[in-house]
Colleague: 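Pasting in a structure now, in C-alpha cells, and then I'll have a few things to ask.
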Amino acid sequence: MDAESNQKLPVSSSSQNQERLKKGPKMTRKGAYAAISYMASAVLLIMFNKAALSSYNFPSTNVITLFQMLSSCTLLYAMKCWKIISFTTEPQITTNNPVTLVPFKTLVHTLPLAISYLLYMLVTMASVRGINVPMYTTLRRTTVAFTMIVEYILTRQKHSYPVVGSVGIIILGAVVAGARDLSFDAYSYGVVFVANICTAIYLASIAHIGSKSSGLSTFGLMWCNGIICGPILLFWTSISGELGRMINFPYLFSHGFQAVMLFSCVMAFSINYCVFWNTTLNSALTQTICGNLKDLFTVGLGWLLFGGLPFDLLNVAGQSLGFLGSCLYAYCKLRGK
C-alpha cells in the first residue's frame, strides 16, 4: 500500500520540537503563521459559543462540546480516508479501520493529554456562560501565570526577565480592568480561574507529550483526544439529562441556531488544530500569550454584539495594559530574548 507521505496541511512532529529546542526560543515565520491562525479561530469560536449559550440560551454546554468532538472525529476520519492527512509523523501502512488507525499502546500514552483536554473543553465552555465577554477575556489573561508555573513543574523551563516582566504587565492589566466590574459574580469568576488552570495543564501536556516522541502528528493527537473523550462525554450527557434537554430545546430546528452550531463545530476543529500547531512550533506560554493578543478583537466584538459591561476608563486602562504586555512578550520572542 502507498505510504501517506504527501500532506496538504502542515503537521508538527517530535523531530521539529527537538530542532526548535536546539535553535532556541526565537519564533520562526511558520510559528508566526500558526499563532495568527490560532488567534483568528479563537475570536470566532468565542463569538459563536457565546451566541449559542447567551443569545439562544442553549441549556447544555456539554452537548456543544460533544458535537464539536464528534464533528472533529468525523472530519479527521474523512480526511484520513482521502489521504489528505496522516495520523503519524512517519510513513505507515494505509488503513481505514477506525479501531486500528492508532495503536492501543499509543492511545494509552496519550491518555493524560486526552483527560486534560476534556477538562479544558468542559470548564472553558462553562466559563463563557455566566460572565460578559470583555471580563471573560480579561480574566482569561491570568492564564499566563498558571502556564509558567505548570511549565516549570513539568519541564523545569525558565524564562528571561523581559518575558517575566511582560507577563507581570498582563496580570496587572487584568487586575486593573476587573477592579470596577459592577457585574461581579464570585461563582462565574471562580469557574474562569479553574478554566485557566485546566488550560495551563492542557497546553503544558501538549508540549510534554510531543517532547516524549509519541510518533503522532497533530491530527493523530486530535484523533486520540476525540475517541477517548467522546464516549466519556456521551455517557455523561446521557445520565445528566443534557441530551434530553437538548431534544426539548425550542430553537433546535431554527436555521439561525443550527448555523451557529455548525460554525461553532467548524471553528472548534480549527482552533484545536491551531493549538497543537502553535504549541509544538512555539511553546505553551507563547500559545497563552496569543490568547491575550486576540483579546483586543474579542473585547471589541463582545462589546458590540453582546454588551454586558458599560464603558469605564479603568477597564479600558486595564485592557490596554494587558495588550501592551502581550505585545512586549511577542517582541521578546521574535527577537529570541
Side-chain angles (χ1 to χ4, degrees), residues 20-21 24-28 31-32 34-36 38-39 42-43 46 116 120 123-124 127 131 134-179 181 189-190 192-208 211 271 274-275 277-299 314-337:
R20 174 177 57 83
L21 291 174
K26 186 174 181 178
M27 183 181 291
T28 63
I36 294 172
Y38 161 76
M39 289 186 282
V43 172
I46 290 177
S116 65
Y120 157 74
V123 181
T124 301
S127 67
I131 191 171
M135 282 312 305
Y136 169 80
T137 55
T138 298
L139 294 176
R140 288 287 282 164
R141 287 196 188 116
T142 60
T143 305
V144 294
F146 298 104
T147 304
M148 292 182 73
I149 294 172
V150 173
E151 273 190 330
Y152 179 76
I153 293 174
L154 292 181
T155 63
R156 297 298 174 185
Q157 182 174 353
K158 297 180 180 180
H159 300 279
S160 64
Y161 289 117
V163 168
V164 174
S166 63
V167 170
I169 294 175
I170 293 171
I171 296 174
L172 176 62
V175 173
V176 172
D181 180 21
Y189 274 46
V192 174
F193 281 115
V194 172
N196 292 348
I197 297 174
C198 293
T199 302
I201 294 174
Y202 174 56
L203 296 179
S205 297
I206 293 175
H208 188 61
S211 65
I271 196 174
C274 291
V275 165
W277 190 25
N278 190 27
T279 303
T280 52
L281 282 179
N282 298 309
S283 71
L285 186 60
T286 299
Q287 165 63 30
T288 307
I289 298 296
C290 288
N292 293 329
L293 280 172
K294 55 85 178 167
D295 285 345
L296 177 66
F297 305 99
T298 306
V299 169
L314 194 62
N315 188 277
V316 173
Q319 300 283 359
S320 301
L321 278 174
F323 185 68
L324 174 63
S326 300
C327 290
L328 288 175
Y329 176 86
Y331 174 78
C332 292
K333 298 303 290 183
L334 289 172
R335 294 295 300 271
K337 295 183 179 181

Colleague: What are the two closest non-hydrogen atoms of Val150 and Ile201, and how far apart are they?
Modeller: CG1-CA, 4.1 Å
Colleague: Grab the two heavy atoms, one from Ser166 and one from Gly325, that are nearest each other, plus how far apart they are.
Modeller: CB-O, 3.5 Å
Colleague: When rounded to the nearest 0.5 angstrom, what distance separates CZ in Phe146 from CZ in Phe193?
Modeller: 6.5 Å
Colleague: How close do Cys198 and Tyr120 get, counting heavy atoms only, and between which atoms?
Modeller: CB-CA, 4.0 Å
Colleague: So do the side chains of Ser320 and Leu324 get within less than 4.5 Å of each other, counting heavy atoms only?
Modeller: no
Colleague: Let me know which of Val164, Ile171, Ile169 forms a side-chain contact (heavy atoms from CB on, under 4.5 Å) with Val167.
Modeller: Ile171
